[in-house]
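Scroll down for the structure; my scribbles are underneath it.
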Amino acid sequence: MNLSSLSSQLNISIQELRDKAKAKGFSISPRANKIDNSLAKQVLASLQEAPKVEAPAIPVDPTKIKLPGYIKVRDFALLLDKPVTEVIKALIKNGVMATINEEVDFETATIIAQDLGFEVESEEESSQEYSIGNMQSELAAENQDELVPRPPIVAIMGHVDHGKTTLLDAIRTTNVASGESGGITQHIGAYQVKKNGKLITFLDTPGHEAFVEMRARGANVTDLIVLVVAADDGVRPQTIEVINRAKFTNTPIIIAINKIDKEAANPMRVKQELAEHGLLTEDWGGKTVAVEISAKQNKGLDDLLEMILLTSEVENYKANPNGKTLGTVIESHTSLGQGSVSTVIVQSGTLKVGDVIVAGASFGRVKSLEDEKGKKLKQAGPSTPAQISGFSELPEVGDIVRTVATLEEARAIATTLQKKNRSHKLQIKRGLQGDANSKTLNIILKADVAGSLEAIKQSLAKLKNDEVTINILSEGVGEVNESDILLAANSQGTVIAFNTKTNPKAINLAKQKQVSVDSYEVIYELLEDITSAVVKMFTPELEKVSFGKGKILQVFRTEKGEMIIGGNVNEGELRKNKPIAIWRGEEEVGRGEIVDLQHNKVAAKEVTNGQEFGMKIKTNVKLVVGDTLESFEENLKQKTL
């Protein structure tokens with residue numbers, strides 16, 4: 001056989017043929033142009049053998065991951081290096097019906113990740129999901145050289161009837177009960193007083209749910225707690241709650257022993273009881289400041305204010321008035337003349353009229369700033385309480401207020417959060433998730449007028465299907481009442497309210513019974529949410545999508561449940577993070593999962609047709625040379641209406 005013919009069959013030059021043949025142990029004369037047919041067949045067979053594929057260097061799989069506040073199921077699977085079907089099955093097992101393109105929250109993702117053997121850390125949230133953590137990080141990052149002293153922010157707390165409100169009134173030299181006299185024209189939730197030329201900011205929220213709400217949402221605007229304890233009553237349950245709260249948040253505490261003017265007053269007993277709960281006053285050899293006062297007779301108030309200022313100097317409260325403008329909403333209401341109005345405590349920077357602001361899902365431009373006397377302000381610096389108008393809608397108590405450059409940016413941030421809130425509303429509400437076992441969605445429907453009620457019913461009728469039943473247990477015009485809540489509680493249902501209110505008693509009952517009351521003003525949003533709830537109750541279908549096939553040419557190492565192999569892709573592509581079907585001839589003998597994939601010793605996400613690969617595969621099947629691997633994906637295809 002001519003060497004030129006043999007080199008053509010092997011697609012190499014004659015010199016390469018000579019060299020490769022020599023490497024294989026065959027001797028071809030340097031001057032020969034021909035070799036006998038027997039030798040030619042041996043050389044051809046030897047050089048057509050499958051190339052050796054070196055074992056890839058497999059890195060150790062990471063077991064620690066960081067998760068954002070919300071993550072799409074598809075991205076979650078990629079992060080875990082798991083097939084998306086495995087993640088979706090784990091979600092279903094935990095009672096969450098989510099498709100590949102839907103999002104799950106941090107708590108849900110954490111549970112799934114931990115079930116799959118991962119350690120989870122919280123990733124810093126994006127600017128569109130601004131949080132308490134973001135705020136604290138930014139405040140801590142302020143340039144220390146630019147920080148200046150700021151007024152302390154003080155909350156007066158204590159047991160009911162121990163004199164919190166009387167003390168607040170005495171400090172601001174007014175009496176709330178007698179008609180806001182003394183120059184205070186409006187209640188904005190906070191005010192400032194001046195002592196020795198220095199300002200102190202008081203949160204006017206004694207016993208108010210807003211304070212609990214702020215703490216529950218992580219907001220902590222309080223620098224210092226003044227704990228009021230009645231000298232004639234001593235330490236009571238709410239007193240202990242405040243002590244524990246101060247310890248938990250590491251907030252300094254000053255004791256105001258009130259009502260010393262009463263005959264039954266016994267300050268020494270109060271100090272003894274405080275000591276039993278870990279608060280040892282200074283005269284008892286401890287570090288806790290205690291001031292004896294009578295708020296009713298204005299006794300000891302100067303001493304109390306001086307102790308607040310002294311503690312403030314020791315704690316060294318500072319902020320940057322020229323830094324990033326950040327604050328916290330402490331109260332929020334709707335005003336007939338001004339629209340959405342909120343009281344904000346500025347904690348950093350300076351808030352000005354005209355600033356573009358975002359607070360949670362609300363945004364706008366500051367139209368006006370007012371203090372507690374109704375006086376117009378041009379700006380408000382650190383520790384200053386100010387009533388703001390200009391929000392697009394009411395922000396929630398505890399929301400972080402910050403300034404941004406443009407209304408477009410503010411709108412985009414708020415809209416993103418609004419959509420996110422709506423998309424996750426059904427995950428945290430019992431009613432619209434329905435009864436997955438009986439495939440029934442129980443609804444109590446209330447609307448503003450009969451026309452609206454009829455339109456909603458007609459639209460819901462169009463959602464009829466063979467798998468999920470929409471059961472309207474009750475319907476009516478008017479506000480949501482206690483009977484509606486009880487019916488929902490007994491039927492595992494939800495209350496849908498369209499353009500109508502829920503009476504206060506029903507609101508309290510709903511909280512007690514853990515009943516969901518979903519209120520809507522736009523009919524398509526109502527229908528969208530119910531449609532989404534129905535679709536999530538459908539049993540999803542498995543759909544297989546094949547990406548490519550590869551042939552095993554070598555098996556390098558076999559371990560318990562894992563093998564390291566080499567091969568060649570002969571159709572489509574093999575993809576990392578996708579399951580593998582193992583074919584032996586025409587029979588599928590098992591399945592596995594690609595743990596690591598490499599091409600030319602370099603980590604790869606996919607290896608395409610004609611390329612060699614090294615692979616670490618997790619499987620219970622003992623792979624052999626000649627097996628075919630099929631890369632595929634099984635998607636849970638959600639049915640639609």
Side-chain angles (χ1 to χ4, degrees), residues 59-131 133-134 361 412-413 415-428 433 528 532 535-536 538 540-548 573-580 592-598 603-608 616 618 631-640:
V60 178
D61 289 345
T63 58
K64 291 184 178 180
I65 59 170
K66 288 187 177 182
L67 288 173
Y70 296 100
I71 187 170
K72 282 189 175 181
V73 172
R74 179 181 61 245
D75 298 333
F76 186 34
L78 287 172
L79 184 64
L80 297 175
D81 271 354
K82 297 288 184 184
V84 71
T85 48
E86 183 178 346
V87 174
I88 291 177
K89 287 174 183 176
L91 285 165
I92 293 173
K93 183 180 176 183
N94 283 275
V96 178
M97 299 293 290
T99 61
I100 188 171
N101 292 314
E102 287 187 307
E103 292 179 323
V104 292
D105 58 24
F106 174 80
E107 289 75 16
T108 301
T110 297
I111 292 169
I112 301 303
Q114 289 174 343
D115 285 349
L116 295 174
F118 290 84
E119 292 182 33
V120 176
E121 294 179 12
S122 177
E123 187 179 276
E124 186 177 15
E125 298 187 34
S126 69
S127 61
Q128 291 185 336
E129 295 176 25
Y130 203 81
S131 68
N134 298 131
I413 294 170
T415 301
T416 298
L417 192 56
Q418 286 169 1
K419 289 180 179 178
K420 201 170 289 294
N421 287 343
R422 277 195 0 98
S423 69
H424 293 284
K425 181 166 64 176
L426 300 187
Q427 293 187 20
I428 61 173
Q433 287 181 340
E528 191 177 79
S532 176
V535 167
K536 286 181 179 180
F538 285 152
E541 299 173 333
L542 272 179
E543 182 181 54
K544 182 179 178 182
V545 180
S546 181
F547 300 117
E573 62 185 25
L574 300 184
R575 298 183 183 180
K576 189 181 177 184
N577 303 319
K578 301 300 178 187
I580 288 290
E593 176 190 349
I594 298 177
V595 178
D596 193 82
L597 184 63
Q598 295 189 5
K605 290 184 178 180
E606 66 273 325
V607 182
T608 58
K616 183 177 182 180
K618 186 184 293 183
S631 178
F632 71 95
E633 180 177 76
E634 274 187 336
N635 294 327
L636 279 170
K637 186 179 179 182
Q638 189 71 50
K639 296 177 185 177
T640 57

Exercise for the section: Return the set of residues passing salt bridge (Lys or Arg N to Asp or Glu O under 4.0 Å) with K544 (not counting sequence neighbours), or none when no residue passes. Expected result: E630
Exercise for the section: Working to the nearest 0.5 Å, report the span between CD1 of I580 and CZ of F547. Expected result: 10.5 Å
Problem - Heavy-atom check, side chain of E86 versus side chain of L80, under 4.5 Å - result: no
Handout entry: Non-neighbouring partners of E633 that pass salt bridge (Lys or Arg N to Asp or Glu O under 4.0 Å), sequence neighbours left out
Key = K578
Problem - A77 to V84 - nearest heavy-atom pair and separation - result: CB-CA, 3.7 Å
Handout entry: Spacing of NZ belonging to K576 relative to CG belonging to D81, to within rounding of 0.5 Å
Key = 4.5 Å
Completion exercise
Value for CG (L79) from CG (D75), rounded to nearest 0.5 Å, stands at 8.5 Å
Problem - Taking every non-hydrogen atom, the tightest pair across V607 and Q598 - result: CG2-O, 4.2 Å
Practice task
Run the numbers on L67 and F76 for side chain to side chain contact (heavy atoms under 4.5 Å, CB included), then give the verdict.
Solution key: CA-CA 9 Å; L67 288 173; F76 186 34; 3.8 Å; yes
Problem - Spacing of I111 atom CD1 and L91 atom CG [to the nearest 0.5 Å] - result: 10.0 Å
Problem - Atom of L574, atom of L597 and distance for their closest heavy-atom approach - result: O-CD2, 3.6 Å
Completion exercise
So CD1 of I112 and NZ of K89: to nearest 0.5 Å the spacing works out to 14.0 Å
Problem - With sequence neighbours excluded, residues passing salt bridge (Lys or Arg N to Asp or Glu O under 4.0 Å) with E573 - result: R575
